[in-house]
**Student:** 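Below is the structure I would like to discuss, written out as structure tokens.
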Amino acid sequence: MDTHIEEVDREALAGLSSVPPPRKIHSYSHQLRANSGKKRHHQLRKHSLDELPNSSDSFYDSDDDEFFPYSASTSNTGDLPDEEYVAPGVEAVPDDPRQYQPLPEFVGSGGGTGIFKVPVRAAVHPGRPPCLELRPHPLRETQVGKFLRNITCTDTQLWAGQESGVRFWKFEDAHEPGIGIGGRARRGDEDAAPFHESANTSPTICLMVDNGNKLVWSGHKDGKIRSWKMDQPADDATPFKEGLSWQAHRGSVTSIIMSSYGDMWSGSEGGVIKIWPWESIEKSLSFKPAERHMAALLVERSAFDLRSQVTVNGTCSISSAEIKSLLADNVRAKVWAVQPQSFSLWDARTKELLKVFNIDGQIENRADSSSAQDQSAEDEVKVKFVSTSKKDKSQGFLQRSRNAIMGAADAVRRVATRGTGAFVEETKRTEAIVLAGDGMIWSGCTNGLLVQWDGNGNRMQDVNHHPSHPSAVLCFCPFGAQIYVGYMSGVIQVLDLEGNLIAEWVSHSSPVIKLAAGGGYVFSLATHGGIRAWNVGSPGPIDNVIRSEMARVESTYSRRDNVRILIGTWNVGQGRATHEALMSWLGSAASDAGIIVVGLQEVEMGAGFLAMSAARETVRSSRIIAIQSFFIFLLDFTLNYS
């Protein structure tokens, strides 16, 4: 039997090919494979980093040559020819060059089709108009407490509401270098245009421009409304402070507008709408700074609550949902209050409720009456059940239990029936509203539907320019005879007054949450904090002129770098790898790679931290970023070598 095995081995050795070519100086991929002396036919292989190859295993399956033509029994851990790795207790045979041959190297050079298409790298993106980067989007970790949530434009400034106050840019400084207050750079705004920032406040939810008083009003999460002067001193290096402020709502102030009669309307959670008369605001603004408390008290006492006005016998004509936004129709002297599933139309002069209708245009003058009736009916059933249970005590325990179970089942059935309808309607909610140049009102829904209304709340038409890939409409911006629409997909569309699509492009890699027009630009704010300015003449012939000019001077503002990327996977759950195994895997290739990406599989609690520590120690990286996605960890770190 032994003699037969030796003859088979000799035949296998005789059939081996010649020694493969020597390895390259730089290695981008390195895989160890321990081979057995027995003949195997495509069996399932178990790869592990801590299974170091043995020099005595000098045989491999000839049937696997087409897949592993340069399979090696041991591996060199260094790129230098005089450095060798020898496992403890194993004698290496330096004269055998087969022991140092790695697997074939695969170098990714991009592609031209499918998902491997090389991304476009040009001076200006060919699929969108040229834009002005007012604020390139910063890294998320640099924006803790500083995320931007809203923008609005005055005649000469762009104001933005953030989680800690407000800030503004001057249009004349949009192309100037300089960062932050007094030109001091702050992390996250190194490439932003010069801006000025306010003192810390509660998160800003909404903004409104008051050109008559030269003020910018802001609504905050703490329920306060604050005013800011437009003509802030530009040379002041200290954060500017608020002016008149008062406690407007118990919850967050979601929207504020100024009606045609000068009254301020504000919306909040729970469907609360309050009106602040212009007389009290005007008088409070004339107070001295030392009399700020008296001014705030004067405005607070002048509030007019609309929800309490339309509540009769505990039944309110408007929904108790959050007020998404308010719209002032100054031509018709009306105010629109937008809620996720309904609209309410008010008279700006008499403060009377004119109409309540849902997103389909159907009138619902008593939106909450049905729920109130259901609640009263349930209370009546409970009273009857309690009274009958007292009279029918002689029925016994089983009969009373049966009645209770049947009553509970019926209540669950009614709730489930109403819940199904609510779920269906939840997929179509109103997110934004705008008054177009021709006096028509447009609203946007979460399913991408654009609905046109007339001034009296009659539904005229609806269009959807994303039928195949629905995306929520998040914001509008009217400019002349055009309407700019921002989507959750990062797309901006330009429509005419009839709803026809004029242009479309991808503006940001994140949802566009706000649009504002001013200074000859339409500014777009994305969720990642980036702000871009689009010329109002785009798209047009001027775009080609800008593209050619920017391509001509591309070398003055851009550069190209070639980066080598090493990508590998590590099954952490299969076993803990030793330092020697990691050196064999990454050590020989890390010095030649600019970025190393390692996917960790089967990561358990604490195993990811240990794996990162081991990888950091192996390649001696200065910066490591870990991203967890389900059961996969990605290590993306840049290697800096002296």
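All values below were derived from every heavy atom in this structure, side-chain atoms included, with hydrogens, water molecules and symmetry-related copies excluded. Sequential numbering from 1 along the given sequence is applied to the chain's residues.
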**Student:** Which residues satisfy the salt bridge (Lys or Arg N to Asp or Glu O under 4.0 Å) test with Glu133, sequence neighbours excluded?
**Tutor:** Arg532
**Student:** Where do Phe523 and Leu134 come nearest, in terms of heavy atoms and distance?
**Tutor:** CE2-CD2, 4.1 Å
**Student:** Are side-chain heavy atoms of Val166 and Phe240 found at a separation under 4.5 Å?
**Tutor:** yes
**Student:** What distance separates Gln452 CD from Leu497 CG, expressed to the nearest 0.5 Å?
**Tutor:** 9.0 Å
**Student:** Trp265 and Ala348: which non-hydrogen atoms are nearest, and at how many Å?
**Tutor:** CZ2-CA, 4.0 Å
**Student:** Out of curiosity, Cys475 SG to Leu525 CG, how far, rounded to the nearest 0.5 Å?
**Tutor:** 8.5 Å
**Student:** Taking the six-membered ring for Trp, are the ring centroids of Tyr487 and His466 within less than 6.0 Å of each other?
**Tutor:** yes
**Student:** Counting N and O atoms only, with roles assigned by atom type, does the side chain of Asn330 sit under 3.5 Å from a partner on the main chain of Ser260, one being a donor and the other an acceptor?
**Tutor:** yes
**Student:** Step by step, work out the ring-ring contact (aromatic ring centres under 6.0 Å, His included) result for Phe168 and Trp228.
**Tutor:** CA-CA 11 Å; Phe168 70 89; Trp228 313 88; over 10 Å; no
**Student:** Apply the test side chain to side chain contact (heavy atoms under 4.5 Å, CB included) to residues Ile433 and Phe343: give CA-CA distance (whole Å), side-chain angles for both, the deciding distance (0.1 Å), then the verdict.
**Tutor:** CA-CA 11 Å; Ile433 191 171; Phe343 301 87; 4.2 Å; yes
**Student:** May I ask you to decide if Ser268's main-chain N or O and Arg250's side chain share a donor-acceptor pair within less than 3.5 Å?
**Tutor:** no
**Student:** Using atom types as modelled and distance alone, determine if a side-chain donor or acceptor of Glu172 lies under 3.5 Å from a backbone N or O of Ala174.
**Tutor:** no
**Student:** Of all heavy-atom pairs between Met230 and Gln157, which one has the smallest distance, and what is that distance?
**Tutor:** O-NE2, 2.8 Å
**Student:** I need the full list of ring-ring contact (aromatic ring centres under 6.0 Å, His included) pairs touching residues 527-552, with sequence neighbours left out, sorted by first then second residue.
**Tutor:** His137-His528, Trp505-Trp534, His508-His528
**Student:** Identify all side-chain donor-acceptor contacts of residues 144-152 below 3.5 Å with residues at least two apart in sequence or on another chain.
**Tutor:**
from: Lys146; atom 1: NZ; to: Ser164; atom 2: OG; distance (Å): 3.4
from: Lys146; atom 1: NZ; to: Glu197; atom 2: OE2; distance (Å): 3.4
from: Asn150; atom 1: ND2; to: Ile205; atom 2: O; distance (Å): 3.3

**Student:** Should we say atom CZ of Phe479 is surrounded by more than 12 heavy atoms from elsewhere, each under 6.0 Å from it?
**Tutor:** no
**Student:** Measuring from Ile502:CD1 to Ile483:CD1, what's the distance to the nearest 0.5 Å?
**Tutor:** 9.0 Å
**Student:** Taking the side chain as every heavy atom from C-beta outward, state whether Val463 and Trp442 have any atom pair closer than 4.5 Å.
**Tutor:** yes
**Student:** With rounding to the nearest 0.5 angstrom, report the CG to CG distance, Leu345 to Leu327.
**Tutor:** 10.0 Å
**Student:** Just checking Trp217 against Trp246, ring centres under 6.0 Å apart?
**Tutor:** yes
**Student:** So Pro129 and Asn535, do their side chains get closer than 4.5 Å, heavy atoms only?
**Tutor:** no
**Student:** Please test Ile359 against Leu449 for side chain to side chain contact (heavy atoms under 4.5 Å, CB included), starting from the C-alpha separation and ending with a verdict.
**Tutor:** CA-CA 11 Å; Ile359 54 180; Leu449 191 66; over 6 Å; no
**Student:** With side chain to side chain contact (heavy atoms under 4.5 Å, CB included) as the test, pick out the partner of Val335 among Ile257, Leu306, Asp347.
**Tutor:** Ile257
**Student:** Has the side chain of Lys324 got a donor or acceptor atom that lies under 3.5 Å from a matching backbone atom of Thr430?
**Tutor:** no
**Student:** Just verifying a value: how many Å separate Glu504 CD and Leu495 CG, rounded to the nearest 0.5 Å?
**Tutor:** 9.5 Å
**Student:** Would you say the side-chain atoms of Arg128 pair up with the backbone N or O of Val506, donor to acceptor, closer than 3.5 Å?
**Tutor:** yes
**Student:** How many angstroms lie between atom OG1 of Thr446 and atom CZ of Arg429, to the nearest 0.5 angstrom?
**Tutor:** 5.0 Å
**Student:** Look at the rings of Trp169 and Phe195 and say which category their plane angle falls in: under 30° parallel, 30 to 60° tilted, over 60° perpendicular.
**Tutor:** tilted
**Student:** Do the side chains of Gln493 and His465 get nearer than 4.5 Å, heavy atoms only?
**Tutor:** yes
**Student:** So which heavy atom on Ala248 is nearest to which on Lys274, and how close?
**Tutor:** O-NZ, 3.1 Å
**Student:** Just so I know, are the side chains of Arg140 and Gln143 near enough to count as touching, which here means a heavy-atom distance under 4.5 Å?
**Tutor:** no
**Student:** Which atoms form the tightest heavy-atom contact between Pro130 and Arg547, and what is the distance?
**Tutor:** CG-CG, 4.3 Å
**Student:** Would you find a donor on one side and an acceptor on the other, under 3.5 Å apart, between the side chain of Ser302 and the backbone of Val299?
**Tutor:** yes
**Student:** Looking at every heavy atom in both Ile323 and Val272, which two are closest together, and how far apart are they?
**Tutor:** CG1-O, 3.9 Å
**Student:** Are the side chains of Leu474 and Met488 in touch, meaning some heavy atoms are under 4.5 Å apart?
**Tutor:** yes
**Student:** Test side chain to side chain contact (heavy atoms under 4.5 Å, CB included) on His175 and Leu132 and set out the steps.
**Tutor:** CA-CA 8 Å; His175 298 273; Leu132 169 63; 3.7 Å; yes
**Student:** Mark yes or no for whether Ser320, through its side chain, and Gly271, through its backbone, hold a donor-acceptor pair below 3.5 Å.
**Tutor:** no
**Student:** Any side-chain heavy atom of Ser471 sitting closer than 4.5 Å to one from Val491?
**Tutor:** no
**Student:** Do you see a donor-acceptor pair shorter than 3.5 Å between the side chains of Thr154 and Trp159?
**Tutor:** no
**Student:** Taking everything shown except Lys351 itself, do over 12 heavy atoms lie less than 6.0 Å from its NZ?
**Tutor:** yes
**Student:** How about Leu285: does its CG atom have over 12 heavy atoms from other parts shown lying under 6.0 Å from it?
**Tutor:** yes
**Student:** Would a 4.5 Å heavy-atom cut-off, applied to side chains only, mark Val338 and Ser443 as touching?
**Tutor:** no
**Student:** Please determine whether side chain to side chain contact (heavy atoms under 4.5 Å, CB included) holds for the pair Val331 and Leu435, giving the CA-CA distance in whole Å, both sets of side-chain angles, and the decisive distance to 0.1 Å.
**Tutor:** CA-CA 11 Å; Val331 176; Leu435 177 65; 5.8 Å; no
**Student:** Look only at the side chain of Thr527 and the backbone of Ser510, and say whether a donor-acceptor pair between them is shorter than 3.5 Å.
**Tutor:** no
**Student:** Would you confirm whether Gln339, through its side chain, and Ala321, through its main-chain N or O, come within 3.5 Å as a donor-acceptor pair?
**Tutor:** yes
**Student:** Measure from the side-chain N and O atoms of Arg292 to the backbone N and O of Ser245, and report whether any donor-acceptor pair falls under 3.5 Å.
**Tutor:** no
